2 protein chains.
Amino acid sequence: MSLSKLIGVRTDEVQAKRERRKEARPGELLDAALDLFVEKGFAATRAEEVAARAGVSKGTLFLYFPSKEELFKAVVRENISGRFKEWNEEFQAFEGTTAEMVRACMTIWWERVGATKASGITKLIISEARNFPDIAAFYQQEVIAPGQDLVRRILKRGMDRGEFRVLDLDYATFSITAPMVFLIMMKHSLGACIPQDYPLDPQRYIASQVDLLLDGLQVRK
Amino acid sequence: MSLSKLIGVRTDEVQAKRERRKEARPGELLDAALDLFVEKGFAATRAEEVAARAGVSKGTLFLYFPSKEELFKAVVRENISGRFKEWNEEFQAFEGTTAEMVRACMTIWWERVGATKASGITKLIISEARNFPDIAAFYQQEVIAPGQDLVRRILKRGMDRGEFRVLDLDYATFSITAPMVFLIMMKHSLGACIPQDYPLDPQRYIASQVDLLLDGLQVRK
DNA sequence: GTTACATTACTAACCAGTCAGTCATTAATT
DNA sequence: AATTAATGACTGACTGGTTAGTAATGTAAC
């Protein structure tokens, strides 16, 4: 704890005090780096800027991460939580119709991932994939493949129970994942820099996507 | 002057000779720049690399474009062809069902845009939007808005003719555009750097998307 | 031989990464 | 409790390499 805090001096207008907080630094740096990488891309964000946003000097950044590239990799790894096991179990226990399941899947995904900082990682990966093919492959394995798998299992359940038509599972999964990816890209890219042209309400977007996905465009004869 | 030239070594297989081709240069530079910007992003591509790919020296690049940023803007402008008037007319003249129209729309779009270099611009814009908000706004006005408009008109036709259900047009358009954007991102991002994990056949992808979009996942009762 | 295009060599700015030094904190000593 | 010593997290000026942009020089075409 810093002296100023003990004494009760207003620190906000005073020069920020030098503090030793070994535990908190890495997390704060990763947070700052995620923000900036998502906003400006890898090459265009400066290490010093990341440090400044984390309230620390550039030297400190390199105390915790050996290089900018390793920082990038750490940012990605940090945000890849293996929550798929948990989700698989949730959906295993689900009792309603598969249509309800699809709706729940997309709504919950938005709440737990899409709306959070974590979705920035997807934008980051897609934007930088070709500069970091190893990271892209890693993300493919750790996130995309399990995600596709979960979606595929949901669709298969619908087919098995006679609720859904016979589907080309390899490609039908994209009908669920593509709208999610699109929403993320809007949130972090065009939507973030020209919001006046994109007053996109995520809930309404997802509702519309699910409705059309389940019932199709055409009137039922 | 290189050693080989001084000695008199055959240069024709070593390097192309110096040539004056004022007319062709800008186009060749723009082509090279598009490739590299799409592949590596704006900040990470070097001016010298663009020049080299166009078979020219760095100085020549700056002879035709005053700065790297202006080169970027020119790349985007070059590839924004106002083909929407022509397309609008094509669809105005279309006689079949609106379902056929939707399928034609996506198939033709892939042939004329998605599969060509032009689709790289979309990836570029989405990746760099936040570093170039003015470019993003420009692209929004010149490409996205007219595109959305065309799609909206198709969906409205379906509604008016009683072929489609009553739709939330503001959001239903995304059911057509989102899969297209997703396909572009796969082509230029993950799909380009880990193709073994993404053996994505565009035709089959589009067929699947259109089928589900028209008829929905659920069996018809 | 003059013009116009092209190249090469150069400059200035920028930025990732380093390192000698600083100072808050804690432990030891009186 | 007060003083001193040791620690190590943190700093920021510095370095070396890179690159956008420029200027001097070269050469093909007419």
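Numbers restart at 1 for each chain; the letters A, B, ... are given by sequence-line order, proteins then strands. Only heavy atoms go into these numbers, but all of them, side chains included; no hydrogens, no water, no symmetry mates. The structure presented is a predicted model; accordingly, all values stated were derived computationally and were not measured.
- Regarding contacts with the backbone of D:dA9, every side-chain N or O of A:Thr60 stays at 4.0 angstrom or more from both OP1 and OP2.
- A donor-acceptor pair is defined here as one N or O able to donate and one able to accept, closer than 3.5 Å; no such pair exists between the side chain of B:Lys123 and the backbone of B:Met186.
- At distances below 3.5 Å, at least one donor-acceptor pair connects side-chain atoms of A:Ser119 with backbone N or O atoms of A:Thr116.
- The aromatic rings of B:Phe42 and B:Phe72 sit perpendicular to each other, their planes meeting at more than 60°, with 30° as the lower class boundary.
- Near DNA chain C, meaning a heavy atom under 4.0 Å from it, residues 38-48 of chain A has A:Thr45, A:Arg46, A:Ala47 in order of number.
- Nearest heavy-atom pair across B:Tyr171 and A:Gln209 is O-NE2, 4.1 Å.
- If you check residues 62-79 of chain A against DNA chain D, the residues with a heavy atom closer than 4.0 Å are A:Leu63, A:Tyr64, listed by number.
- For A:Leu29 and D:dT11, the CG to C1' distance is 14 Å, given to the nearest whole Å.
- In this structure, A:Lys40 and B:Asn131 approach most closely via the heavy-atom pair O-OD1, 3.1 Å.
- Between the side chain of B:Tyr139 and the backbone N or O of B:Ile126 there is no donor-acceptor pair closer than 3.5 Å.
- No donor-acceptor pair under 3.5 Å is formed between the side chain of B:Glu48 and the backbone N or O of B:Ser57.
- Heavy-atom distances under 4.0 Å link DNA chain C to A:Lys58 of residues 50-58 of chain A, given in residue order.
- Shortest non-hydrogen contact noted between A:Ala104 and A:Phe94 is CB-CE1, 4.4 Å.
- When each of A:Leu63, A:Val75, A:Val56 is tested with A:Leu29 by the rule side chain to side chain contact (heavy atoms under 4.5 Å, CB included), just one qualifies, namely A:Val56.
- A:Phe132 does not carry A:Lys73 over the face of its six-membered ring by the limits of under 6.0 Å from the centre and within 45° of the normal.
- Nucleotide C:dG17 holds its P atom 10 Å from the CG atom of A:Leu61, rounded to whole Å.
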